[in-house]
Amino acid sequence: MTATPVLVLLDHAPDGSLRPPVRELLTLARDLAGDAGVHGVWAGDEDLAPALPVLAAQGVTTVHRLVTDADVHLSAVLADGLEAASAASGASLLLLVSSFDNKEAAARLAVRTGAGVVTDVDGLTLEDGRVVAHKTVLAGTWTTRCAVTAPHAVVTVKANAVAAQDAAAPSSPQVVDLPVEPRAGSTRVRLVERTEHAASGRPDLGSANVVVVGGRGTEGDFAAVEELADVLGGAVGATRVATDEGWIGHDAQIGQTGVTVSPRLYVGAGVSGAVHHRGGMQASGTIVAVNSDPDAPIFEIADFGVVGDLFTVLPQAAAELRRLRG
């Protein structure tokens, strides 16, 4: 690939603030783009103003704001917008936060344009002019390197894969409105309603730096899990058993058919460590396990294990953390 700008989809909240993993993508994009610069794509009617200071600090040169009458929350319409932004920016690499919606849009875009697509990446380098993606596969048991041989690459990156850093010199991003006319087939699906999750005060599960997870061992009582998560400023997750039993919502499920997380710290309480669950968390930085069963499979991958009753261990940990913080 020749030196071209790197394009980043700017995921944002309804209030216009950038989601935390976007800063990581912009940091990665800046390292890969070099003098070619970093461009962003803004999809949606939300106010761009709250994001501009962050984009300036990250050295973004241009923001392509998609203008369309169609709903860009639909993956097909978003793919149309990303295709237009890629052409307008001249970028040969597009980076997106690794989420269900973004991966669907990435797949559609790759089919249309012939780009090489790699998902759930935790590292990215340029080698001999090619984008080389690093990712774990097969429930986190193998680390692979995937070289994109197509002229264009579309890559979704896991949260917490990169340490976000501001640019050495801030920029003054130029905002350019980019009209998008969706393809005929893109609007066959109609979005009838969107419901925002009630604010919990905790970070998003998929992008949190700290995740505290409850499993079968909680027996439906997540109070100790939630307390420790709040002390650590982390998100609350669960195993499939816990969600199937109705102890917590299915949006908290971590695993091969749930959310994939890669926090810097994972704490599993009463989690056995079944293969299904491990596939969604084994790429975590530091894994702490608390389980009363010393033979629980999760101890095989834990960096630190505590054999004990979670209802005793977690409150003690929370109390000690509060004491250390004064």
Side-chain angles (χ1 to χ4, degrees), residues 99-100 136 139-141 158-160 195-325:
S99 66
F100 289 122
T136 56
T141 57
K158 287 182 178 179
N160 303 313
T195 302
E196 293 291 334
H197 285 291
S200 65
R202 301 187 182 106
D204 174 67
L205 178 60
S207 59
N209 284 317
V210 177
V211 175
V212 183
V213 180
R216 187 191 298 274
T218 64
E219 298 180 348
D221 184 355
F222 270 69
V225 172
E226 293 173 345
E227 178 189 19
L228 182 59
D230 290 340
V231 171
L232 292 170
V236 172
T239 62
R240 183 170 61 183
V241 170
T243 59
D244 286 348
E245 290 290 341
W247 298 339
I248 192 170
H250 280 281
D251 55 349
Q253 179 185 330
I254 294 172
Q256 290 174 328
T257 57
V259 179
T260 298
V261 299
S262 52
R264 307 210 185 281
L265 173 63
Y266 166 100
V267 181
V271 175
S272 65
V275 171
H276 173 278
H277 181 70
R278 289 167 62 163
M281 51 66 68
Q282 197 156 321
S284 302
T286 299
I287 299 174
V288 177
V290 180
N291 200 300
S292 58
D293 179 6
D295 297 321
I298 196 169
F299 286 127
E300 298 173 3
I301 61 170
D303 298 289
F304 183 80
V306 179
V307 179
D309 183 355
L310 71 90
F311 296 107
T312 300
V313 175
L314 265 58
Q316 288 180 349
E320 179 65 9
L321 286 169
R322 290 194 184 97
R323 186 190 69 79
L324 291 173
R325 292 177 178 175

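- Considering CG of Asn160 and CZ of Arg264, their distance stands at 5.0 Å, rounded to 0.5 Å.
- Side-chain atoms of Arg240 and Glu245, non-hydrogen and from C-beta on, never get closer than 4.5 Å to each other.
- Thr243 places none of its side-chain heavy atoms less than 4.5 Å from the side chain of Asp251.
- Annotation: side chain of Arg202 is in contact with side chain of Val236 (closest heavy-atom distance under 4.5 Å).
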Inset, instruction - Run the numbers on Gln282 and Ile301 for side-chain contact (heavy atoms from CB on, under 4.5 Å), then give the verdict. - result: CA-CA 8 Å; Gln282 197 156 321; Ile301 61 170; 4.1 Å; yes
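- Put simply, the residue from Val307, Val306, Val225 that forms a side-chain contact (heavy atoms from CB on, under 4.5 Å) with Val290 is Val306.
- Leu314 CG to Phe222 CZ: the interatomic distance, rounded to the nearest 0.5 Å, is 11.0 Å.
- You'll find the side chain of Asn291 reaches within 4.5 Å of the side chain of Phe299, heavy atoms only.
- Proximity of His276 to Gln253: side-chain heavy atoms (C-beta onward) are separated by under 4.5 Å at one or more points.
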Legend entry - Residues Val261, Leu205; criterion side-chain contact (heavy atoms from CB on, under 4.5 Å); working and verdict: CA-CA 7 Å; Val261 299; Leu205 178 60; 4.1 Å; yes
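- Using modelled atom types, no side-chain atom of His277 and backbone atom of Val271 make a donor-acceptor pair closer than 3.5 Å.
- Heavy atoms only, all atoms of each residue included: Val210 and Pro263 are closest at N-CB, 4.1 Å.
- The distance from the OG atom of Ser272 to the CD1 atom of Ile298 is 7.5 Å, given to the nearest 0.5 Å.
- Across Ala229 and Ala235, no two heavy atoms sit closer than the pair CB-O, 4.0 Å.
- Side-chain atoms of Ser262 come within 3.5 Å of backbone atoms of Ala159 as a donor-acceptor pair (strictly under, hydrogens ignored).
- Here Arg325 does not pair with Glu320 in a salt bridge; the nearest charged N to carboxylate O distance is not below 4.0 Å.
- Partner Phe304 forms a side-chain contact (heavy atoms from CB on, under 4.5 Å) with one of Val267, Val288, Ile287, Thr286 and no other, that one being Val288.
- Put simply, the side chain of His250 reaches to within 4.5 Å of the side chain of Asp244, judged on heavy atoms.
- The distance from atom CG of Leu232 to atom CG of Leu321, rounded to the nearest 0.5 Å, is 5.5 Å.
- Annotation: the span from Asp204 atom CG to Ser99 atom OG amounts to 9.5 Å, rounded to 0.5 Å.
- When only modelled atom types and interatomic distance are considered, Thr312 and Gln316 share no side-chain donor-acceptor pair under 3.5 Å.
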Inset, instruction - Before giving the answer on side-chain contact (heavy atoms from CB on, under 4.5 Å), spell out for Thr239 and Trp247 the whole-Å C-alpha distance, their side-chain angles and the decisive distance to 0.1 Å. - result: CA-CA 10 Å; Thr239 62; Trp247 298 339; over 6 Å; no
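- Across all non-hydrogen atoms, the minimal contact from Val213 to Tyr266 is CG2-CE1, 3.4 Å.
- Looking only at side-chain heavy atoms (C-beta outward), Val211 and Leu265 stay at 4.5 Å or farther from each other.
- Residues Lys158 and Thr136 have side chains in contact (heavy-atom distance under 4.5 Å, counting atoms from C-beta outward).
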